[in-house]
There are 2 protein chains.
Amino acid sequence: MWISRKTDYATRAVLALAIADGQRLNAQDLSRRVAVPDAFMKQILMQLRDAGVVRSERGPSGGYRLNHDPADITLERIVRIFQGQLAPIECATRHEPQPCSMEIGCSLRTVWAEVRDATIAILERTDFATLAAQSGGSWVPVGLTTKPYTV
Amino acid sequence: MWISRKTDYATRAVLALAIADGQRLNAQDLSRRVAVPDAFMKQILMQLRDAGVVRSERGPSGGYRLNHDPADITLERIVRIFQGQLAPIECATRHEPQPCSMEIGCSLRTVWAEVRDATIAILERTDFATLAAQSGGSWVPVGLTTKPYTV
DNA sequence: ATAAAGGAGACTAGGTTGGTCATATATGTG
DNA sequence: CACATATATGACCAACCTAGTCTCCTTTAT
Ligand code: SF4
Ligand code: SF4
């Protein structure tokens with residue numbers, strides 16, 4: 001239970017943009033498509049923009065679109081933006097692990113490292129082009145009446 | 001970073017007891033051996049007792065010992081006691097996943113399920129006899145001067 | 001000019017984490 | 001029995017994190 005709601009929301013947004021296939025979507029539209037409170041969605045989109053994942057255009061008929069080919073955006077990248085390190089415990093991060101007074105000869109730490117590596121492997125090989133393809137072009141919350149992805 | 005300090009402390013305690021090989025250790029001794037505040041260690045040992053992992057004896061020269069063969073105690077079991085579900089997100093738990101309005105056709109969810117399965121597989125195949133063996137019979141915090149595991 | 005969009009940042013209720021402290025109960029030893 | 005040493009129980013707490021909201025400002029198409 002370590003994926004925060006915010007991270008989940010962000011991955012939803014990126015997936016929706018990947019499915020939209022280059023179309024520009026505004027924050028409100030996007031927030032309805034992925035069932036996220038729109039004020040919160042805006043905040044999340046800012047972070048995605050700062051991280052270079054999406055780019056924004058202002059003014060009426062402005063909005064957001066992906067900054068790269070969906071095939072080049074991995075789930076690992078999005079998760080890292082919002083969650084930081086992927087190791088289950090601080091002593092087992094790949095980069096600058098936090099020292100622990102028990103770490104000498106700690107066999108637990110190698111297990112956590114295994115979990116870390118397995119997790120990273122899965123998230124790195126998962127890109128949003130594949131995820132979009134698996135969604136078959138349609139992915140909407142239950143109860144959304146407006147036709148999805150048609151202006 | 002989803003393993004809480006408490007869970008880490010609990011796994012340390014169980015590993016120390018596994019290394020002690022059936023010897024009875026009291027809370028204070030144990031707390032020094034694994035570098036955990038002793039009042040907190042007691043609280044954790046209560047939870048481990050309630051879960052049936054350790055058994056306790058009261059009075060002078062009382063203490064705790066493992067309730068089963070270390071080979072029969074998996075890391076998965078200890079983690080579940082303190083953390084509950086192992087899935088990275090509520091919608092992807094094996095038992096009674098939390099419904100989500102986006103779940104129909106959600107390709108993200110299958111990825112989280114992959115992460116869940118990989119994690120569980122590693123933690124289930126890791127038992128404390130193996131972990132103890134890998135520690136080579138000695139595992140103490142830096143700075144502990146008293147001879148470990150010799151009365 | 002106006003309206004529709006993004007941008008920046010302060011604020012917060014409620015829950016979780018990582019503990020502490022006081023007190024009661026059980027038991028081995030002399 | 002008295003006493004020291006242990007576990008047992010439960011209340012309590014500060015700090016931090018989560019999941020948001022709200023207000024006001026700037027940009028831009030028409
Ligand atoms: S005890 Fe081992 S697993 Fe736990 S934090 Fe220290 S090094 Fe890591
Ligand atoms: S959007 Fe998909 S991954 Fe996220 S919570 Fe809903 S079902 Fe799970």
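None of these values were measured; they are calculated from a predicted model. What's counted below: heavy atoms across the whole structure, side chains too, no hydrogens, waters or symmetry copies. Here is how names work: the chains are called A, B, and so on, in the same order as the sequence lines, proteins then strands, and each is numbered from 1.
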Whole angstrom is fine here: how far is it from [atom1] in [X] over to [atom2] in [N]?
X: A:M41; N: C:dG7; atom1: CE; atom2: P; result: 13 Å
X: A:K42; N: D:dC24; atom1: NZ; atom2: C1'; result: 12 Å
X: A:I44; N: C:dG6; atom1: CD1; atom2: P; result: 14 Å
X: A:R32; N: C:dA5; atom1: CZ; atom2: P; result: 10 Å
X: A:Q47; N: C:dA8; atom1: CD; atom2: P; result: 12 Å
X: A:L25; N: C:dG6; atom1: CG; atom2: C1'; result: 14 Å
X: A:M46; N: D:dC25; atom1: CE; atom2: C1'; result: 13 Å
X: A:D8; N: D:dG20; atom1: CG; atom2: C1'; result: 15 Å

Margin query: Using a 4.0 Å cut-off on heavy atoms, which residues in residues 48-57 of chain A reach DNA chain D? List them by number, or say none.
Written below: none

Notebook entry, point to check: In residues 89-104 of chain A, what residues come within less than 4.0 Å of DNA chain D, judged by heavy atoms?
Noted result: none

Scan the side chains in residues 97-107 of chain B for donor-acceptor partners under 3.5 Å anywhere in the protein, sequence neighbours excluded, and list what turns up.
unit_1: B:E103; atom_1: OE1; unit_2: B:C100; atom_2: N; d: 3.1
unit_1: B:S107; atom_1: OG; unit_2: A:L131; atom_2: O; d: 2.9
unit_1: B:S107; atom_1: OG; unit_2: A:S135; atom_2: OG; d: 3.2

Salt bridge flag under 4.0 Å for residues [X] and [Y]:
X: A:R32; Y: A:D38; value: no
X: A:R65; Y: A:E57; value: yes
X: A:R109; Y: A:E90; value: no
X: B:R77; Y: B:E124; value: no

Next item on the list: Check the surroundings of atom CG in B:D21: do more than 12 heavy atoms from other residues, nucleotides or ligands lie under 6.0 Å from it?
Entry: no

Next item on the list: Answer yes or no: is there a donor N or O on one side and an acceptor on the other, between the side chain of A:T130 and the main chain of A:T126, under 3.5 Å?
Entry: no

Margin query: Could you work out, with side-chain hydrogen bond (donor to acceptor under 3.5 Å, both in side chains) as the rule, every residue matching B:R55, not counting sequence neighbours?
Written below: B:N67

Next item on the list: Kindly write out the residues that satisfy ring-ring contact (aromatic ring centres under 6.0 Å, His included) with A:Y9, not counting sequence neighbours, or none if the list is empty.
Entry: A:F40

Next item on the list: Evaluate the ring planes of A:W2 and B:W2, with Trp represented by its six-membered ring, and classify them as parallel (under 30°), tilted (30 to 60°) or perpendicular (over 60°).
Entry: parallel

Checklist line | Side-chain donor-acceptor pair present, B:Q83, B:T7, cut-off under 3.5 Å | finding: yes

Check: Where along nucleotides 15-30 of chain C does protein come under 4.0 Å, by heavy atom, of base (B) or sugar-phosphate alone (S), with - for untouched nucleotides?
Finding: ---SBB----BBBB--

